[in-house]
Amino acid sequence: MRIIYKKSWEIKENTITDEGVYQKRREILKTMPLGFLSLGMGMQGIFAEENITELVFNDKKYSFIKNINYLQEELTPFEKASTYNNFYEFGMQKDDPYYRAKILKTSPWDLVIDGEVEKPLKISLEKILQSMPLEERVYRFRCVEAWSMIIPWIGFEFNKLLRLAKPTSQAKYVIFETLKQDDMPAVKNPFLAANIPFPYVEGLRIDEAMHPLCILAVGMYGRKLPNQNGAPLRLVVPWKYGFKNIKSIVRITLSKTQPLSTWQRLAGDEYGFYANVNPDVAHPRWSQASERFIGEGYRPTRIKTQIFNGYGDEVARLYANMDLEKNF
């Protein structure tokens with residue numbers, strides 16, 4: 001008898017919600033041996049023809065692999081994941097980015113990597129797409145506002161790009177910076193611009209950034225990232241609250257010292273540097289013990305929040321002997 005153990009990051013099928021364009025996956029899964037799905041198929045299975053598809057960006061096609069170790073049948077609907085967003089440069093309401101982010105200029109797009117590196121880089125998005133091994137991974141996404149989604153991201157492990165710049169031994173932290181565009185509604189609003197320090201800045205410890213679950217995403221749901229979701233390049237760190245997943249990245253700087261992120265500047269008592277999902281540490285204004293899962297229908301399901309958003313087996317070691325309440 002073969003006993004199947006699901007990894008902690010594999011999402012239970014009864015908690016995942018449908019997205020129409022992915023229904024054909026059900027038939028693919030039915031043709032695969034069960035052991036392959038839970039224990040991993042290895043390279044031969046992952047690179048099987050049916051698991052390879054293409055991402056179209058600026059009329060060019062880039063192949064990516066559907067990593068079946070993260071593959072699930074059903075997802076938060078694309079229509080909800082792409083219209084319910086926080087991207088304050090384009091407004092404070094959840095649907096503001098959907099309507100206003102059309103002005104975001106995503107091409108040409110260059111990314112700078114500098115600071116404590118041996119080889120500073122300025123690399124175009126096209127070069128990144130050509131050189132990085134793209135794959136699709138389904139991750140849980142948990143907002144600090146106590147709502148959550150399940151999203152299939154297309155991207156690559158951040159460590160693969162960071163290694164090209166060869167971080168020095170002095171590199172302890174990674175600082176990310178969002179594009180600041182003068183015609184962004186919040187940037188040109190005198191009141192907001194005076195109170196929110198643009199460009200948006202976030203940071204990770206370098207060991208967090210190098211973890212294989214930490215990815216840079218260039219697409220979602222089989223297509224390139226919509227502007228409102230952080231096109232053309234965003235961070236996805238699935239064990240942290242959503243505000244750490246910085247959008248529209250133009251600069252990555254490696255530093256000796258811990259950076260002060262945007263939300264720390266705005267409300268440091270509410271938004272800490274680590275921002276690990278933790279049901280036992282409440283936000284000053286609400287509990288984090290449960291979350292509204294945003295799926296199909298008009299009544300989102302409320303579910304229990306998991307420590308590290310369910311990725312504890314993979315990332316808890318990063319915080320061994322740390323006080324997670326103090327280092328929130």
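Small disclaimer: the values here were computed from a predicted structure and weren't measured.
With respect to Lys105 and Asp183, a salt bridge is recorded, a charged nitrogen being found less than 4.0 Å from a carboxylate O. Salt bridge annotation for Glu126-Lys60: absent, with no cationic side-chain nitrogen under 4.0 angstrom from a carboxylate oxygen. The pair Glu208-Lys240 counts as a salt bridge, with a side-chain nitrogen and a carboxylate oxygen less than 4.0 angstrom apart. With respect to Lys66 and Glu135, no salt bridge is recorded, no charged nitrogen being found less than 4.0 Å from a carboxylate O. Salt bridge present: Glu202 and Lys244 bring a charged side-chain N and a carboxylate O closer than 4.0 Å.
Looking only at side-chain heavy atoms (C-beta outward), Asn278 and Phe328 stay at 4.5 Å or farther from each other. Looking only at side-chain heavy atoms (C-beta outward), Val117 and Lys166 stay at 4.5 Å or farther from each other. Trp153 is not listed as a side-chain neighbour of Val138, based on a closest heavy-atom distance of 4.5 Å or more. Using a 4.5 Å cut-off on side-chain heavy atoms (C-beta onward), Phe57 and Pro232 make contact. With contacts defined as side-chain heavy-atom distances shorter than 4.5 Å, the pair Ile65/Glu136 does not qualify. Using a 4.5 Å heavy-atom cutoff, the side chains of Asn229 and Lys247 are not in contact.
Closest heavy-atom contact between Gly272 and Gln264: C-CG, 4.2 Å. Glu89 approaches Thr178 most closely through the heavy-atom pair OE2-CG2, 3.9 Å. When every heavy atom of Val237 is checked against every heavy atom of Cys214, the shortest pair comes out as CG2-SG, 4.0 Å. Of all heavy-atom pairs between Ala146 and Ser287, the closest is CB-O, 4.3 Å. Minimum interatomic distance between Val277 and Asn309 (heavy atoms only, all atoms of both residues): CB-N, 3.6 Å. Nearest heavy-atom pair, Asn85 versus Pro97, reported as atom, atom and distance to 0.1 Å: O-CG, 3.9 Å.
Not a single ring-ring contact (aromatic ring centres under 6.0 Å, His included) links Tyr241 to another residue, sequence neighbours left out. Residues that satisfy the ring-ring contact (aromatic ring centres under 6.0 Å, His included) test with Tyr274, not counting sequence neighbours, are absent from this structure. Qualifying side chain to side chain contact (heavy atoms under 4.5 Å, CB included) partners for Asp323, counting only residues two or more places apart in sequence or in other chains: Glu325, Lys326, Asn327.
Atoms CG and SG, on Asn245 and Cys143 in that order, are 10.0 Å from each other to the nearest 0.5 Å. Between atom CD of residue Gln170 and atom NZ of residue Lys256 there is a gap of 5.0 Å, rounded to the nearest 0.5 Å. Rounded to the nearest 0.5 Å, atoms OG (Ser248) and CG (Asn227) are 7.5 Å apart. Expressed to the nearest 0.5 Å, how far CD1 of Ile307 lies from CG of Leu324 amounts to 6.0 Å. For the atom pair CD (Glu270) and CZ (Phe243), the distance works out to 10.0 Å, reported to the nearest 0.5 Å. Here the CG atom belonging to Asp207 is positioned 10.0 Å from the CE atom belonging to Met210, to the nearest 0.5 angstrom.
The main-chain N or O of Lys122 is never found under 3.5 Å from a side-chain atom of Lys127 such that the two would form a donor-acceptor pair. In terms of modelled atom types and a separation under 3.5 Å, the side chain of Arg234 and the main chain of Leu225 share no donor-acceptor contact. Judged by distance alone, with hydrogens and angles left aside, the side-chain atoms of Thr76 form a donor-acceptor pair with the main-chain N or O of Ile150 at under 3.5 Å.
Heavy atoms from other residues, nucleotides or ligands lying under 6.0 Å from OH of Tyr98 number 12 at most. Applying the 6.0 Å contact sphere to NZ of Lys102 captures more than 12 heavy atoms from other residues, nucleotides or ligands.
Side-chain contact of Gln93 with Asp95: a donor-acceptor pair under 3.5 Å is absent, judged by distance alone. Counting only N and O atoms by type, the side chains of Thr305 and Gln288 include no donor and acceptor under 3.5 Å apart. For the residue pair Arg142 / Ser148, no side-chain donor-acceptor distance below 3.5 Å is found, with atom types taken as modelled. A donor-acceptor pair shorter than 3.5 Å can be found between the side chains of Asn86 and Lys94. Asp114 and Thr253 form a side-chain donor-acceptor contact under 3.5 Å, judged by distance and modelled atom types alone. Side chains of Glu79 and Tyr84: no donor on one and acceptor on the other come within 3.5 Å.
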> side chain to side chain contact (heavy atoms under 4.5 Å, CB included) between Ile215 and Phe158: does it pass, once the steps are laid out?
Replying inline: CA-CA 5 Å; Ile215 66 172; Phe158 177 46; 6.0 Å; no

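A cation-pi arrangement, defined by a distance under 6.0 Å to the six-membered ring centre and an angle within 45 degrees of its axis, is present between Arg140 and Tyr311. The cationic atom of Arg223 (NZ for Lys, CZ for Arg) lies less than 6.0 Å from the six-membered ring centre of Phe78 and within 45° of the ring axis. A cation-pi geometry, defined here as NZ or CZ lying under 6.0 Å from the six-membered ring centre and within 45° of its normal, does not hold between Lys224 and Tyr221.
Taking the ring centroids of Trp239 and Phe308, they lie at or beyond the 6.0 Å cut-off.
Classification of the Tyr173-Phe273 ring pair by plane angle, with boundaries at 30° and 60°, yields perpendicular. Ring geometry for His283 against Trp286 counts as parallel: the plane angle stays under 30°, on a 0 to 90° scale with 60° as the upper cut.
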